[in-house]
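Structure, as structure tokens:
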Amino acid sequence: MKRRFAAAALAAMTLMTSLALAGCSSDEQNQAGEGQSADLLEQIRDRGELIIATEGTWAPWTYHDEEDDLVGFDVEVAQRVAEKLGVKATFVEGEFDGLLAGLETGRYDMIANGVEITEERSEKYDFSTPYAYIHTAVITRGDDDSIQSLEDLDGKNTANTIDSTYTALAESYGANAVGVDDLNQTIELLLSGRIDATLNAEVTYADYMQAHPDANLKIAAVTEEASQVAFPLRKGDETASLRQQIDQAVDELRESGELAQISTKYFGSDYTQE
């Protein structure tokens, strides 16, 4: 009987020791995982790169030149911001709706893609200080006079990239919006008569017409108020110091005149002032 009790006691002690060791091991693993700073700016500086999401198909904001290099207003501004943070700018390209999803999951540090600040987006993301101000244009075929205002979009068919502010704006005026991959696909649908209009930045229309002067397109209407363009970041304390440094970088670029120079280079005018 004593032997059974002793054996049981030994087994219990062994189990308790194993659990204690397992607990220590678990604590050590947690501490190792916690060794990485929760502050995103510190992580970025440790790795030496700022991971930036962009489409790469939306001239003159973000696109590939004749040498297939990624260029554009957003690209150059983001590169200058990264330089001021003391790190390299690393761009990852993808479709717009995927950029937002990747930001939420931590795949990207920020997005540089002419993203406009909206009330709905501000509930999900934190934004840097604005670095551009743009008006939205309603673009139609040159021979179509059925749309002369935003209100005339009611019942019309439009197309824009999924999750864009242009889609939301068109739908708010009663349009039937179709999701597409990029600007070129949108223009093809418009010129072929499969949609009635598309909404996009006024500067994007000007850039397209400069490259395609014979295109049968025109601006039918323009929003009265300018939209604010900024860098979206994940919402939370982890991005607070990064956002502060990005804001400082944008302010310095604006004060030095570099931001205006980049805007003039790609847009032909300065769109960086409110």
Side-chain angles (χ1 to χ4, degrees), residues 41 44 48-94 96 99 103 108-117 121 125-137 161 164-166 182-184 200-212 222-223 225-233 242-274:
L41 177 61
I44 290 167
E49 63 175 352
L50 177 66
I51 303 174
I52 307 161
T54 193
E55 281 182 289
T57 58
W58 188 31
W61 301 85
T62 161
Y63 64 102
H64 287 261
D65 62 14
E66 294 179 355
E67 286 74 40
D68 201 32
D69 293 325
L70 182 66
V71 295
F73 173 71
D74 271 298
V75 173
E76 199 157 323
V77 173
Q79 287 172 331
R80 294 294 292 115
V81 168
E83 288 175 13
K84 287 185 173 295
L85 295 181
V87 296
K88 176 181 68 173
T90 298
F91 292 92
V92 181
E93 298 174 52
F96 186 70
L99 305 187
L103 181 66
Y108 317 120
D109 299 320
M110 74 177 196
I111 298 175
N113 205 82
V115 182
E116 298 174 37
I117 302 175
R121 284 177 177 167
Y125 312 102
D126 283 337
F127 283 88
S128 70
T129 188
Y131 57 90
Y133 301 85
I134 60 171
H135 289 272
T136 298
T161 52
S164 72
T165 53
Y166 304 125
D182 54 39
L183 177 63
N184 290 330
N200 216 302
E202 192 175 13
V203 293
T204 301
Y205 168 81
D207 182 79
Y208 184 88
M209 292 305 293
Q210 184 175 356
H212 307 84
V222 178
T223 55
E225 294 186 6
S227 300
Q228 299 179 335
V229 174
F231 298 119
L233 306 168
L242 173 61
R243 187 171 67 255
Q244 182 181 20
Q245 289 300 305
I246 291 175
D247 288 351
Q248 182 177 324
V250 171
D251 289 341
E252 289 175 359
L253 290 171
R254 180 175 282 111
E255 290 170 6
S256 69
E258 292 177 81
L259 199 58
Q261 291 173 6
I262 298 171
S263 176
T264 303
K265 174 181 177 180
Y266 288 101
F267 298 143
S269 298
D270 181 12
Y271 289 92
T272 66
Q273 303 294 332
E274 190 170 7

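The structure displayed is predicted, hence computed values, not measured ones.
Side-chain atoms of Ser128 come within 3.5 Å of backbone N or O of Phe231 as a donor-acceptor pair. In this structure a side-chain-to-backbone donor-acceptor pair under 3.5 Å is present from Asn113 to Glu55. Remark: the backbone N or O of Gly114 is paired with a side-chain donor or acceptor of Asp74 at under 3.5 angstrom. Under the 3.5 Å distance criterion, the side-chain polar atoms of Thr54 are matched with a main-chain donor or acceptor of Ala112.
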List the steps and the verdict of side-chain contact (heavy atoms from CB on, under 4.5 Å) for Val92 and Ile51.
-> CA-CA 7 Å; Val92 181; Ile51 303 174; 4.0 Å; yes
Can you list the steps and then say if Ile134 with Thr204 is a side-chain contact (heavy atoms from CB on, under 4.5 Å)?
-> CA-CA 10 Å; Ile134 60 171; Thr204 301; over 6 Å; no
Could you go step by step and tell me if Val75 and Tyr63 meet the side-chain contact (heavy atoms from CB on, under 4.5 Å) rule?
-> CA-CA 9 Å; Val75 173; Tyr63 64 102; over 6 Å; no
Stepwise side-chain contact (heavy atoms from CB on, under 4.5 Å) test for Val229 and Tyr131 | CA-CA 6 Å; Val229 174; Tyr131 57 90; 3.6 Å; yes
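Heavy-atom minimum distance, Ala53 versus Leu99: CB-CD2, 3.8 Å. Residues Lys84 and Leu253 approach most closely at CE-CD2, 3.7 Å, considering heavy atoms. Listed here is the closest heavy atom pair of Tyr208 and Asn184: CE1-OD1, 4.4 Å. For the residue pair Pro60 and Tyr266, the shortest heavy atom distance occurs at CB-O, 3.5 Å. Taking each heavy atom of Thr136 and Ser227 in turn, the nearest pair found is OG1-OG, 4.5 Å.
The side-chain heavy atoms of Asp251 and Arg254, taken from C-beta on, include a pair separated by under 4.5 Å. At least one side-chain heavy atom of Phe73 sits under 4.5 Å from a side-chain heavy atom of Ile262. Using a 4.5 Å heavy-atom cutoff, the side chains of Arg121 and Glu116 are in contact. Residues Gln228 and Phe127 are not in side-chain contact: their nearest non-hydrogen atoms beyond the backbone lie 4.5 Å or more apart. In this structure, Ser263 and Tyr271 have side chains that are in contact, with non-hydrogen atoms separated by less than 4.5 Å. Side-chain contact between Asn200 and Tyr166 is present, with heavy atoms from C-beta onward closer than 4.5 Å. Side-chain contact between Leu259 and Val77: present, with at least one pair of heavy atoms (C-beta onward) separated by less than 4.5 Å. At least one side-chain heavy atom of Pro232 sits under 4.5 Å from a side-chain heavy atom of Leu103.
Atoms CG and CD, on Leu70 and Gln79 in that order, are 7.5 Å from each other to the nearest 0.5 Å. A distance of 9.0 Å separates CD1 in Ile246 from CZ in Arg243, rounded to the nearest 0.5 Å. Going from atom CG of Leu242 over to atom CG of Asp126 covers 10.5 Å, rounded to the nearest 0.5 Å. Once rounded to the nearest 0.5 Å, the distance linking CD1 of Ile117 with OG1 of Thr129 reads 7.5 Å. One distance of note links NE2 of His135 with CD of Glu225; it measures 9.0 Å at 0.5 Å rounding. Considering CD1 of Ile44 and CE of Met110, their distance stands at 8.5 Å, rounded to 0.5 Å.
Counting heavy atoms of neighbouring residues, nucleotides and ligands inside a 6.0 Å radius, atom CD of Glu252 exceeds 12 of them.
Under the 3.5 Å distance criterion, with hydrogens and angles disregarded, no donor-acceptor pair is assigned to the side chains of Asp207 and Trp61.
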